[in-house]
Amino acid sequence: MKTIQKLSLAFLLLIAVAVKSNAQNQIEIVIVGSAHDNSKSTQNFQAIIDKLKNFKPDMVFGEYLPQSDYANLEENNWAKKAFRKGHDYIEKLNPVSPKNIGAQIKNDQKALAKFAYYHKTRMDLAVNYAKNWDRGNADYQIFVLENYMKQSFGKEEQVEYAKMFGSTDSLKKKGFCRPGSEYSKIYFPLIYQLKQDRIYNMDCQTYDKPWSEAWGKTDSLYKILINKAKADSTSQEAATVKAIEKYWAYSEAEAKVFNADPYAGMNTVKYGVLDEAWNFYGGRHFMVTQVFRPRR
């Protein structure tokens, strides 16, 4: 049960969307529930990648902020702080920037579309993505370099790579390499195998501050609810907690099936319903009840 609840957090925070246009100009979208930490997973990730490839997506989206959004965030925003250490690390190693970084990125994309093994061009592209606050595509290009290109580097390219990026351990510490993430396990290999050149960014942090304030208020009320339930097992609060726990429970048989194939389990209708309950203190199903609003 704990494993199921832990993975539920990732479903809320991450979606990857594949979009396909058919002859009727309709758009099909697939949303894939994913775990952020897959480092200990025994899942067959290539089987998941193959299923997504069969959908033949034209675009793959991930939980990354668009480059332009970073400029509008406060410096203490968690997403900005999380990428700043990587951004500043690359800036320090590569202090010289092209006059028009956007134009250079487009030129490098075109060059790699013609021949994917221009290693230095790909290095430059990864650096410029990072400098330009496009974390998703900086991560993707570094993933390609680390996993598909690095073993073919000549001596001069090895020296240049070390100069531009430092060691793999340093890239991990700065957040560019995350071997256990859903991106390293599924979405970056998917994009590479589809021969696509980028990941599309679709996260939004515009309302992070009011969201955090609302979450804090809800969390404090929920703790009051739990404490009252523990103090008096005959109280309305105790009845509510019991109802919530019953609502979001998996049977032993269901948990066994889920844990045998977590990614299949995360993408079921039941998981979608219970994910909301796990992450939102019972979810909308219980917000309509007066007893959920504990007396202070």
Counting the benzene-type ring for Trp, do Phe258 and Tyr271 have ring centres under 6.0 Å apart? yes
Correct closest heavy-atom pair for Arg198 and Ile191 would be O-CG2, 3.7 Å
Could you tell me whether Glu157 and Lys120 make a salt bridge, using a distance below 4.0 angstrom between a side-chain N and a carboxylate O? no
For the atom pair OH (Tyr222) and CZ (Phe286), what is the distance rounded to the nearest 0.5 Å? 9.5 Å
Phe188 and ring pair (Phe, Tyr, Trp, His ring centres under 6.0 Å): which single residue from Phe176, Tyr148, Tyr140 fits? Tyr140
Is there a donor-acceptor pair under 3.5 Å between the side chain of Asn267 and the backbone N or O of Val32? no
Ignoring hydrogens and geometry beyond distance, is a side-chain donor-acceptor pair present between Asn100 and Gln104 at under 3.5 Å? no
Examine Leu125 and Phe115 and state if one hydrophobic cluster contains both, with Ile, Leu, Val, Met, Phe, Trp and Tyr joined whenever side-chain heavy atoms are less than 4.5 Å apart. yes
With distance as the sole test, does Thr218 use its side chain to make a donor-acceptor pair with the main-chain N or O of Ala214 at under 3.5 Å? yes
Return the minimal non-hydrogen interatomic distance between Leu274 and Ala249, and the atom names on each side. CD1-O, 4.4 Å
Are side-chain heavy atoms of Leu65 and Asn201 found at a separation under 4.5 Å? no
Hey, what do you get for CD1 (Ile90) to OH (Tyr129), rounding to the nearest 0.5 Å? 14.5 Å
Please tell me whether Ser235 and Lys228 have a donor and an acceptor in their side chains that are separated by less than 3.5 angstrom. no
Is a donor on one side and an acceptor on the other found under 3.5 Å between the side chain of Ser184 and the backbone of Arg178? yes
Side chain to side chain contact (heavy atoms under 4.5 Å, CB included), that's the test. Do Lys51 and Ile48 meet it? Break it down for me. CA-CA 5 Å; Lys51 285 183 180 180; Ile48 298 171; 5.8 Å; no
How about Tyr183 and Phe143: are their ring centroids closer than 6.0 Å? no
Thr42 side-chain N/O to Lys40 backbone N/O, donor-acceptor pair under 3.5 Å: no
Could you walk me through whether Arg122 and Val144 satisfy the side chain to side chain contact (heavy atoms under 4.5 Å, CB included) test, starting with their C-alpha distance in whole Å, then the side-chain angles of each, then the deciding distance to 0.1 Å, before giving a yes or no? CA-CA 9 Å; Arg122 192 176 295 278; Val144 172; 3.8 Å; yes
Determine, step by step, whether Thr234 and Asp232 satisfy the side-chain hydrogen bond (donor to acceptor under 3.5 Å, both in side chains) criterion, reporting the C-alpha distance in whole Å, the side-chain angles of both residues, the deciding distance to 0.1 Å, and the verdict. CA-CA 5 Å; Thr234 64; Asp232 183 359; 2.6 Å; yes
In terms of side-chain heavy atoms, does Asp275 have a donor or acceptor partner in Asn279 at a distance below 3.5 Å? yes
Could you measure the distance from the NZ atom of Lys172 to the NZ atom of Lys174? Nearest 0.5 Å is fine. 15.0 Å
Report yes if some heavy atom in the side chain of Gln43 is under 4.5 Å from a heavy atom in the side chain of Pro262; otherwise report no. yes
Looking at Asp219 and Lys223, is there a salt bridge between them, counting it only when a charged N and a carboxylate O are closer than 4.0 Å? yes
For Phe61 versus Met59, what's the shortest heavy-atom pair and its separation? CZ-CE, 3.5 Å
Pair Val273, Trp248 - check side chain to side chain contact (heavy atoms under 4.5 Å, CB included), show working. CA-CA 9 Å; Val273 172; Trp248 69 29; over 6 Å; no
For Lys173, does the NZ atom have more than 12 heavy-atom neighbours from other residues, nucleotides or ligands under 6.0 Å away? no
Quick one, Lys270 and Glu254 - any side-chain contact, counting heavy atoms below 4.5 Å? yes
Does a side chain donor of either Lys242 or Ser233 reach within less than 3.5 Å of an acceptor in the other side chain? no
Can we say Lys80 and Glu74 salt-bridge, meaning some charged N sits less than 4.0 Å from an Asp/Glu carboxylate O? no
With a 4.5 Å cut-off on side-chain heavy-atom distances among I, L, V, M, F, W and Y, is there a chain of contacts connecting Val159 to Phe165? no
Rounded to the nearest 0.5 Å, what's the gap from CG on Leu221 to CD1 on Ile226? Could you check? 12.0 Å
Take Asp139 and Arg135 through the test salt bridge (charged side-chain N to carboxylate O under 4.0 Å, His left out) and record every step on the way to the result. CA-CA 6 Å; Asp139 282 4; Arg135 180 181 180 179; 3.6 Å; yes
Heavy-atom closest contact (Asp37 atom, Ser39 atom, distance): OD1-OG, 2.7 Å
If you measure from NZ on Lys114 to CD on Gln109, what distance do you get to the nearest 0.5 Å? 13.5 Å
Glu146 versus Cys177: any side-chain heavy-atom pair under 4.5 Å? yes
Using every non-hydrogen atom in the two residues, find where Tyr263 and Ala35 come nearest and quote the distance to one decimal. OH-N, 3.1 Å
Should we say atom CD of Gln151 is surrounded by more than 12 heavy atoms from elsewhere, each under 6.0 Å from it? yes
I need the minimum non-hydrogen distance between Ile142 and Ala126, along with the two atoms involved. CG1-CB, 4.0 Å
Polar contact flag, side-chain donor to acceptor under 3.5 angstrom, Tyr187-Ser181: no
Any luck finding a side-chain donor-acceptor pair between Asp134 and Asn137 under 3.5 Å? yes
Heavy atoms, side chains only, cut-off 4.5 Å: are Tyr117 and Ser152 in contact? no
Whether Glu75 and Arg84 form a salt bridge (side-chain N of Lys/Arg under 4.0 Å from carboxylate O of Asp/Glu) is what I want to check. yes
Min side-chain heavy-atom separation Phe153-Tyr161 under 4.5 Å: yes
Reported CH2-to-OG distance for the pair Trp133 and Ser68, which is rounded to 0.5 angstrom: 13.0 Å
Let me see the working for Tyr64 and Asp203 under side chain to side chain contact (heavy atoms under 4.5 Å, CB included), right down to the final yes or no. CA-CA 5 Å; Tyr64 282 105; Asp203 194 19; 5.5 Å; no
Any side-chain heavy-atom pair from Gln205 and Trp78 closer than 4.5 angstrom? yes
Pro57 and Leu194, any side-chain heavy atoms less than 4.5 Å apart: yes
Cluster question for you: counting only ILVMFWY and a side-chain heavy-atom cut-off of under 4.5 Å, with indirect links fine, are Val257 and Trp278 together? no
